[in-house]
Structure formats: C-alpha cells, structure tokens
Amino acid sequence: MKISSDFDGGNIEVIEAENPSNIRLHIHKDNKSDFFQWFYFRMTGAKGQLCALSIEDVENAAYPQGWENYQAVASYDRKNWFRVSTVYKDGSLVIHHVPETDCVYYAYFAPYSMERHHDLIARCAADEKVALHTIGETLDGQDMDLLTIGTPKNQQGEDKKVIWYIARQHPGETMAEWFMEGMLERLLDDNDPVSRTLLDKCVFYAVPNMNPDGSRRGHLRTNAAGVNLNRVWEDPDFSSEPEVAYVRGKMDETGIDLVLDVHGDEALPYNFIACFEGIPDIDESQLDLAYEFMDQLARISPDFQTEVGYPKSAPGKANLTMATNQLAHRYNAVSMTLEMPFKDTEKTPYPETGWSPDRSAKLGKASLDALLAVLPRL
Ligand SMILES: [Zn+2]
C-alpha cells in the first residue's frame, strides 16, 4: 500500500504506512506560515482492508474546534465524495475505512482543483455574455482570472448596478469555488428569468478563485508567500499579495454596489453571513440592505440561516484589513462575507455527504434570488 499527495491541491506527510491498521500521517503547514488544516491524499493498494488512518498533532491545527463532530470525505472517482467514520481523540484525527477499490482519496472537504478551475473559466469564457480578463499573475506565475458578465451600461446608456463576487481567498475553503460554479452556471443560463433580469440591471465581476497558488499548493489559508489574503485589503503589496492588489485595483476602476466574499468556516455547522458593522462612518441604510439580503436568502434556502454567526464588531472597531470591511468602507458598498460549513448544517443535515459541492452550488444559485429581491433598494 502507498499514500501520496504530490498532485494539484494535495497535502499530507506520511510518518508510517506499513500496516493498514496503524497508518500515521501529518498535515504540512502552509508555506512560510503556521496555518494547517487542509489535507488531501490518495491511498492505493488497500482494497478490502480495514484501515485506521491517524492524522497526528491536529490539536495544533488552525481551528481545532473544526475537528469536533467532523467527518472526513472520501472518493473513489474524485467526483462523488462521501463522509467516512472519523473520530477526534488524543490530538489525532482518526479515519476508519475499508476501501472498496485499490484507489481511494481522502480530503478535508471535496477538493476543487486548479484543473477544474480552468475548466470553469474556459466554459464561462465561451459564453457571449462573458469577458475574461487575466488581471495579473500570482507569485507562482498563475493567472488571476476575472470574469465580467454583462455590460456596464444598459441600452439607454445608463450605468448598471455593479455586483462583485469573490471566492476562496482561503484556498482550503473549496466550498467557496463550488458555490461560484453554481452561481455562474445559473447566471449564464439564458432560460433563467432571474438571471436575465439581473443582467438587464447589473454587471457582474466574478473572481472564482482569489488564491490559485494556495489552492495548487494544498494550503489552508495563505498564498505562496504565507500571506492570509483576507488581512491585507487596506494596503495590499504587489510583491507579497499581488492577488489582492490586482483585484482591488480593478474594483477601484468599477466601484461596487454589492459584493459577496465567499468562504468556509471550519467550526460552525451553519451557513451564515457576516457584515461590516464596525466600520467608520457607517451607512446604516447599506447595512439594512445587507440584513435584508440575509433575510431573503434565509427565506429562499432552508440551508441558510441568520441566527448563528460571528459576533459583530463594536462601532468603529472593524478590522479594515478584511475584504468585507474594507470594501464597505471604500465604496460605500453592501459588503458581505458568506460562510459555509465544512461539517454539515445543524438544521438541515444530510449525513451521507454533509455539506457538499452540490449543496454549495445550490446556495450559490439561491444567492441570485436574494440579490434580485434586494435590487430595487440597491
Ligand atoms: Zn475564509
């Protein structure tokens, strides 16, 4: 038997893998960083054997509370991901599984590879409503892809509302790109009246992957230089966080009416949105509109809720290095961080898959209904 992770998004270090009942593993830290939590690896040659895969030292991971009531995902074909028996004890995460084939993959959440990202971008770019701009390069030399959907002006020559969606600043939060895939698929569907109406009145700018380097390197939270991109929006530096510098530069050109920054949360078993309560000179009407968006999304999708989320910043205490706060402050935008669980939703659980790519994509589609509902006030 063998365990390996030298592929797009892979991350594991093998301590010992001689005996299926005592496989010892370790997660690599993000490059130049202490963050770790994302794992993704392949096990071959263990068909029909009861395997105990112990990922050690995970109590020192970025979010140890993420391991409580958590089940890892596995796949034989890298398309269908299902949950496997997982326990967190004595600082280790232990997966018990009998692989049905000689080739099985395990991961923290269903991976979204850079190869799939390129498929998504190519598919979108083939649509006549879409313009693709590579707005810059990452430190590893990958393209920063920006999709523009629709035109900035309507047929009367008036400016449309400017909507931005960005996702996966934290590369291990792969559900964020699954969400984007669903949202984009619906937005480009000419037979969908919600999408057609939105595109009459809005232009969309979408960055499905803010962190290609972290994604390909198998990072949890940072880019190639070990930078947490969601802490550099106040004054991004091209030499260490070009991803944010390029995207914010483009935002300065377009302005923003509403922006959604899509993430995953390791610990909380809920979908929720965090807003921008603590920014200086807050525009309460914009905050009300964000709350209205949340209420509408909760009404449209039972998977979403508004009761549980992050604590709100006190007045004037918002961290302006975070995208949502900085963008609300900089553009007087309705600015929201959408978080999805790694685990499952508390009130609408589906234990077979837990929170999943498909459910993420459906929430992405539902976000367009919520957007249409708030559009008259935007
Ligand atoms: Zn995040």
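Whatever order the structure lists them in is the order used to number ligands and atoms, beginning at 1. Quick note: numbers below take in every heavy atom, side chains included, and nothing from hydrogens, waters or symmetry partners. If you're wondering where the values come from, they're calculated on a predicted model, not measured in any experiment.
- In the displayed structure, Asp237 atom CG is contacted under 6.0 Å by more than 12 heavy atoms of other residues, nucleotides or ligands.
- Partners of Ala225 according to the side chain to side chain contact (heavy atoms under 4.5 Å, CB included) rule, which considers only residues two or more places apart in sequence or in another chain, are Leu139, Asn223, Val227.
- Ring-centre distance between Tyr108 and Tyr70: below the 6.0 Å cut-off.
- Annotation: side chain of Glu339 is not in contact with side chain of Val262 (no heavy-atom distance under 4.5 Å).
- Protein N/O/S atoms found under 2.8 Å from the Zn ion (ligand 1): His170 ND1, Glu173 OE1, Glu173 OE2, His263 ND1.
- Taken from OH in Tyr40 to OH in Tyr105, the straight-line distance is 6.0 Å, to the nearest 0.5 Å.
- Two rings, from Phe82 and Tyr76, have their centers less than 6.0 Å apart.
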